[in-house]
Amino acid sequence: MKKPASSGFTLVELLVVIAIIGVLVGLLLPAVQAAREAARRMSCSNNFKQIGLALHNYHSAFKQIPTHGGGTVPGTGPFAPGPWFRPSDFGNRLRLSSLVAMTPFIEQQALWEQISNPSQERTSGGIQDPPWPAMGPTPDRIQYIPWVNEIPTYRCPSDPGVGLPALGRTNYASCLGDSMWLLHVAPYNNNRIRITNGRARHARAAHRGFFQPHQEAKFRDVLDGLSNTIAMGEIITALQDGDIRGNGVATDGGNSGPFGFAALRDNPSLCTDNGYIDPERPRFWLPQWQQRNRRNFARGHRWASSYPIMSGMTTILPPNREACGRYNALGTTLVAPPSSRHQGGAHILMGDGAVIFMTDSVEAGDSRAPMVWLNGRNVGPPSNTPGSPSPYGLWGALGTRAGSETVEAQLNQ
């Protein structure tokens with residue numbers, strides 16, 4: 001009698017099918033991940049376009065660029081600061097970023113109403129007494145609800161940063177030009193009183209970007225043309241992992257000396273040259289530098305703060321280079337390149353509203369050349385005197401608003 005044929009699969013056949021499925025999945029997953037990242041990158045670009053429209057709509061409404069470093073100065077008021085209230089609770093010391101002024105132009109009118117009116121609400125649910133003033137306290141106050149808001153338009157979907165120790169995060173920063181000299185004070189003294197000499201003269205010489213900290217500016221001031229001038233750049237938000245682009249302040253020292261403010265001004269690659277970066281993991285600081293003030297000096301951790309570490313970028317070092325500064329200067333003294341979680345570059349918003357993906361390999365001149373600033377003693381190299389062409393090549397030229405430097409490259413190819 002004939003033995004009936006088996007209708008099942010052999011073990012070998014099952015193993016072959018499983019192996020084929022595994023190979024196909026292995027080939028498919030990278031393609032799926034790439035497609036997802038492409039979608040996130042497109043969404044990030046669209047956010048930047050919305051910010052560009054907000055920038056132009058703001059200028060159309062108020063005939064000026066949103067002030068980066070605007071706000072109010074605390075006064076004594078009817079309440080003297082007590083043990084539970086710092087003077088900064090009565091005003092924000094001109095520390096608000098340009099992003100605050102643009103909120104009503106990105107469909108955040110309700111948030112703007114909260115900011116522009118006095119309030120007694122606290123993050124903890126308690127009552128603020130005396131009330132928060134109009135335009136809020138300084139941007140580090142976690143109990144002020146608007147400052148802890150996460151605004152979707154200000155976030156890149158590729159950036160995973162979320163939650164404390166940050167308040168509301170931002171992935172988009174105002175371009176402050178090709179020099180970091182006195183970005184935190186401009187034409188004001190430490191008491192936020194406007195001055196006309198000293199620091200003010202330095203600010204006029206060094207602050208050559210689209211945004212001039214603490215000062216009003218208009219499109220007409222951009223003599224190089226809006227399409228040739230960077231208005232804003234993308235930044236990552238710090239994950240507290242020691243990334244050289246996110247946990248950015250690593251130098252030591254005061255205003256002078258081999259590790260101080262002046263040394264960084266004269267050599268933007270100071271952090272690299274002093275060996276702060278891990279040679280085996282060049283995307284990270286060495287462990288001893290990762291520990292310095294991580295919370296206060298983390299990129300993008302406060303969207304409302306005008307400090308360069310929080311919402312500013314410079315065209316000194318090219319995209320995705322290290323964010324190098326002084327750890328004891330509240331994140332105000334910083335070489336602040338743009339950065340992103342995308343591969344190979346970061347998004348840039350031009351003054352005319354165009355969004356460009358700028359690669360890490362953009363021509364950026366001499367990364368060890370001194371920055372442009374006003375040297376009252378008339379010493380030093382002539383290449384960094386006021387009015388000089390940017391020492392940082394095409395990249396630096398794009399960051400200056402009135403350098404009369406010709407940009408011949410097609411940026412959006």
Side-chain angles (χ1 to χ4, degrees), residues 44-70 97-106 153-154 170-179 183 186 203-204 206-235 306 308 311-316 318-319 336-338 345-359 362-364 372 387 389-390 392-413:
C44 180
S45 175
N46 289 338
N47 284 344
F48 231 167
K49 290 177 182 177
Q50 291 298 316
I51 294 173
L53 287 173
L55 176 64
H56 278 255
N57 287 335
Y58 184 97
H59 191 279
S60 177
F62 298 105
K63 312 307 178 195
Q64 70 169 69
I65 296 168
T67 302
H68 190 76
S97 73
S98 61
L99 299 173
V100 175
M102 286 191 278
T103 50
F105 298 93
I106 58 165
T153 307
Y154 291 161
T170 179
N171 291 107
Y172 307 107
S174 300
C175 181
L176 306 176
D178 64 343
S179 179
L183 285 177
R204 284 195 295 271
H207 299 174
R208 314 198 303 173
F210 187 90
F211 287 89
Q212 302 171 58
H214 308 291
Q215 301 179 73
E216 294 182 2
K218 304 175 185 294
F219 284 165
R220 70 182 183 193
D221 299 327
V222 186
L223 302 183
D224 288 346
L226 296 177
S227 62
N228 295 323
T229 306
I230 295 172
M232 301 183 75
E234 184 181 2
I235 60 173
S306 64
S311 65
M313 53 97 29
T314 57
T315 56
I316 301 169
H347 287 107
I348 296 298
L349 175 69
M350 305 303 289
D352 64 350
V355 176
I356 295 167
F357 190 78
M358 188 66 69
T359 63
V362 61
E363 194 277 307
V372 171
S390 177
Y392 309 116
L394 170 64
W395 178 237
L398 289 170
T400 59
R401 67 183 180 275
S404 297
E405 296 160 294
T406 303
V407 177
E408 298 178 354
Q410 185 65 35
L411 299 176
N412 58 356
Q413 285 185 343

With Y392 via ring pair (Phe, Tyr, Trp, His ring centres under 6.0 Å) - residues at least two apart: none
Can any side-chain N or O of Y172 pair as donor or acceptor with the backbone N or O of I51 at less than 3.5 Å? no
Among L349, L55, T315, exactly one meets side-chain contact (heavy atoms from CB on, under 4.5 Å) together with F210. Which residue is that? L55
On a heavy-atom basis, the closest approach of R208 and P389 is NH2-C, 4.1 Å
Check for a donor-acceptor pair, side chain of T229 on one end and backbone N or O of G351 on the other, with a separation under 3.5 Å. no
Only distances under 3.5 Å count here; give the side-chain donor-acceptor pairs of residues 211-219 to other protein atoms, sequence neighbours excluded, each with its distance to 0.1 Å.
from	atom 1	to	atom 2	distance (Å)
Q212	OE1	R401	NH2	3.3
H214	ND1	G69	O	2.8
H214	ND1	L94	O	3.3
H214	NE2	H184	O	3.2
K218	NZ	K63	O	2.8

Which pair of non-hydrogen atoms, one from S227 and one from D352, has the smallest distance, and what is that distance? CB-OD2, 3.3 Å
Closest approach of V100 to T103 (non-hydrogen atoms, all atoms of both residues): O-OG1, 2.8 Å
Interatomic distance, M102 atom CE to L53 atom CG [nearest 0.5 angstrom]: 11.5 Å
Check step by step if side-chain contact (heavy atoms from CB on, under 4.5 Å) holds for I230 and W395. CA-CA 9 Å; I230 295 172; W395 178 237; 3.6 Å; yes
Residues H68, S306; criterion side-chain contact (heavy atoms from CB on, under 4.5 Å); working and verdict: CA-CA 6 Å; H68 190 76; S306 64; 3.7 Å; yes
Write down the atom of G393, the atom of E363, and the distance for their closest heavy-atom approach. CA-OE1, 3.3 Å
Does any N or O in the side chain of E234 come within less than 3.5 Å of the main-chain N or O of A346, such that one atom is a donor and the other an acceptor? no
Q50 side, atom CD; S45 side, atom OG - distance, nearest 0.5 Å: 10.5 Å
Hey, are T170 and S311 close enough side-chain-wise for a donor-acceptor pair under 3.5 Å? no
Compare all side-chain heavy atoms of T314 with those of L183 and state whether any distance is below 4.5 angstrom. yes
Any donor-acceptor pair under 3.5 Å from N171 side chain to I235 backbone: yes
For residues F48 and V355, report the shortest heavy-atom separation together with the two atoms involved. CB-CG2, 3.8 Å
Decide side-chain contact (heavy atoms from CB on, under 4.5 Å) for I65 and H59; before the verdict, give the C-alpha distance in whole Å, the side-chain angles of both, and the deciding distance to 0.1 Å. CA-CA 5 Å; I65 296 168; H59 191 279; 4.1 Å; yes
How far apart are the closest heavy atoms of D178 and G396, and which atoms are they? CB-O, 4.2 Å
Find the distance between OG1 (T153) and CZ (F105) and round it off to the nearest 0.5 Å. 14.0 Å
Value rounded to 0.5 Å, distance of CE in M350 from SG in C175: 9.0 Å
Which class fits the ring pair H347 and F357: parallel under 30°, tilted 30 to 60°, perpendicular over 60°? perpendicular
